[in-house]
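For clarity, every value in this text was computed on a predicted model and none was experimentally measured. Naming convention: chains lettered A, B, ... in sequence-line order (proteins, then strands); numbering from 1 in each chain.
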2 protein chains.
Amino acid sequence: MPRPKVHDDALRVRLLERAGHTLSAKGLRALSLRQLATDVGTSTTAVYSLFGGKPALLTALFDEAFHRFGTHLATVTPSDEPFEDLVQLGIAYRASALDDPHFYEVMFGTIRADITMDPGSLARAAGTFEPLLRMVRRAIDAGALRAEEPSVIAMSLWAMVHGLVSLEMRGFLPPGAPDPGQAFSKAVRANLAGWRP
Amino acid sequence: MPRPKVHDDALRVRLLERAGHTLSAKGLRALSLRQLATDVGTSTTAVYSLFGGKPALLTALFDEAFHRFGTHLATVTPSDEPFEDLVQLGIAYRASALDDPHFYEVMFGTIRADITMDPGSLARAAGTFEPLLRMVRRAIDAGALRAEEPSVIAMSLWAMVHGLVSLEMRGFLPPGAPDPGQAFSKAVRANLAGWRP
DNA sequence: AGGGTAGCGCAACGCTGTTCTAGAACCTCT
DNA sequence: AGAGGTTCTAGAACAGCGTTGCGCTACCCT
């Protein structure tokens, strides 16, 4: 009875890729279903049958964003200096965020309030920071950090890095500072130093 | 030749107050010019003649938000323990943000990209953190913190606090933690400890 | 070959911010 | 006092949004 599906998984992928591209290039404001459908050569109905609506499409982009982020952070491989590894992880975090601010916005921006996040997505997002937790544990074991609850230290470092990046993207860094990157790693090091034995 | 103005400064104030109220209560998404005009008993034209459009209205709210924020932070009065004063300032920051998340969003959220910020607004916003800078200097003078560049330490503390609050509001705090407030002050203290002499 | 039906493009709905327009309300000048 | 001129404002019009419903299309099964 049916007819050959046009709204298949391949179209889903194309929509998602195109949406990600538009998001990166022009920001969330410029991402409209009508334009997206036109770009891909289909109708807005496709987004509804394949995703369920715009919030659901954004949820998919949310997943995609964390996937990319996690991949980028994974390039930081552990060395024999656990303390410095954590600093490098922070630097990679900043680089990734500044490299694609719009995707970063999808992960940590206001959108979160508009879209209904399924538990799976949230869990995967949280899982992105598993490597961080492991590195903190390694640093504790190596005696580079105090034997505090690892999740507390990890959260502290994450907040520091996220806060710095967030303020930098909003233009709230003090105008006097010449090199934001240098101030960044300095602040991260100081924060980690607060957890030294 | 003219006729008595209806779009006077009093109406401007009423619009701004009503907009602030709606923002607090229902968030930025619910703030529409049509609804706002209806609520205040005027037409959308008023917003255009008194502000210039929605972005300009948001800029006014941005100013208002930082004013409120600054007033709230000013309630933290210096004691004879400069180190602890900084912790208390952080706690006040968190309380203010969680007390009115939508206003906090206007200050540090995505909106920043949509509205054209005049230098005056940005300068006033930055000025809100003058007290923080003073407290850091006091702490350095008292020997509670290292003699680093005060703005760097202030920025580090601000980023820490902002990052924690931001992650907490987004639901990214580790589920295990029982009391976010306690974890917050602990993290702030650890961050400050990193700047100790 | 001809229903039956699932799938899909397109138009319509209600909303948004913004712009345009027509008329109302006042002051000034005759 | 009355007419004219000018400024100001409310509301309609416009373009675009996400979403929903309609109706045609194109296939599978009998």
Checklist entry - Can you check the B:R29 CZ to C:dT16 P distance for me, whole Å? => result 12 Å
Checklist entry - If you measure from the Lys or Arg side-chain nitrogens to the Asp or Glu carboxylate oxygens, is any gap between A:E64 and A:R68 under 4.0 Å? => result yes
Item to check | A:K5 NZ to C:dG9 C1', straight-line distance once rounded to whole Å | outcome: 16 Å
Item to check | Pair listing, ring-ring contact (aromatic ring centres under 6.0 Å, His included) test, anchored in residues 124-157 of chain B, at least two apart | outcome: B:F129-B:W158
Checklist outcome for this item: A:L11 atom CG is separated from C:dC8 atom C1', nearest whole Å, by 12 Å
Item to check | Interatomic distance, A:R12 CZ vs C:dG7 C1' [rounded to whole Å] | outcome: 18 Å
Checklist outcome for this item: Rounded to whole Å, CG of A:D8 lies from P of D:dC27 at a distance of 15 Å
Item to check | Footprint string (nucleotides 10-23 of chain D, 5' to 3'): B base within contact, S backbone only, - free, heavy atoms under 4.0 Å | outcome: BB-B---BBBB---
Ignoring hydrogens and angles, write down the donor-acceptor pairs under 3.5 Å from the side chains of residues 74-81 of chain B, residues two or more places apart or on other chains.
unit_1 : atom_1 : unit_2 : atom_2 : d
B:T75  : OG1    : B:H72  : O      : 2.6
B:S79  : OG     : B:E81  : N      : 3.1
B:S79  : OG     : B:D85  : OD1    : 2.8

Checklist entry - Got a sec, which residues hit side-chain contact (heavy atoms from CB on, under 4.5 Å) with B:D63, two or more places apart in sequence or on another chain? => result B:S121, B:R124
Checklist entry - What pairs meet the salt bridge (Lys or Arg N to Asp or Glu O under 4.0 Å) rule with one or both residues in residues 141-157 of chain A, with sequence neighbours excluded? => result A:R146-A:E148, A:E148-B:K186
Item to check | Pairs where residues 19-55 of chain A contributes a residue and the test ring-ring contact (aromatic ring centres under 6.0 Å, His included) is met, not counting sequence neighbours | outcome: none
Item to check | Within residues 34-56 of chain A or reaching into it, pairs that qualify as salt bridge (Lys or Arg N to Asp or Glu O under 4.0 Å) - sequence neighbours excluded | outcome: A:R18-A:D39
Checklist entry - What pairs of residues pass the salt bridge (Lys or Arg N to Asp or Glu O under 4.0 Å) test when at least one of them lies in residues 156-174 of chain B, not counting sequence neighbours? => result B:R94-B:E168, B:E105-B:R170
Item to check | Five-pair end axes of the helix from C:dA1-D:dT30 to C:dT30-D:dA1, angle between them (10°) | outcome: 30°
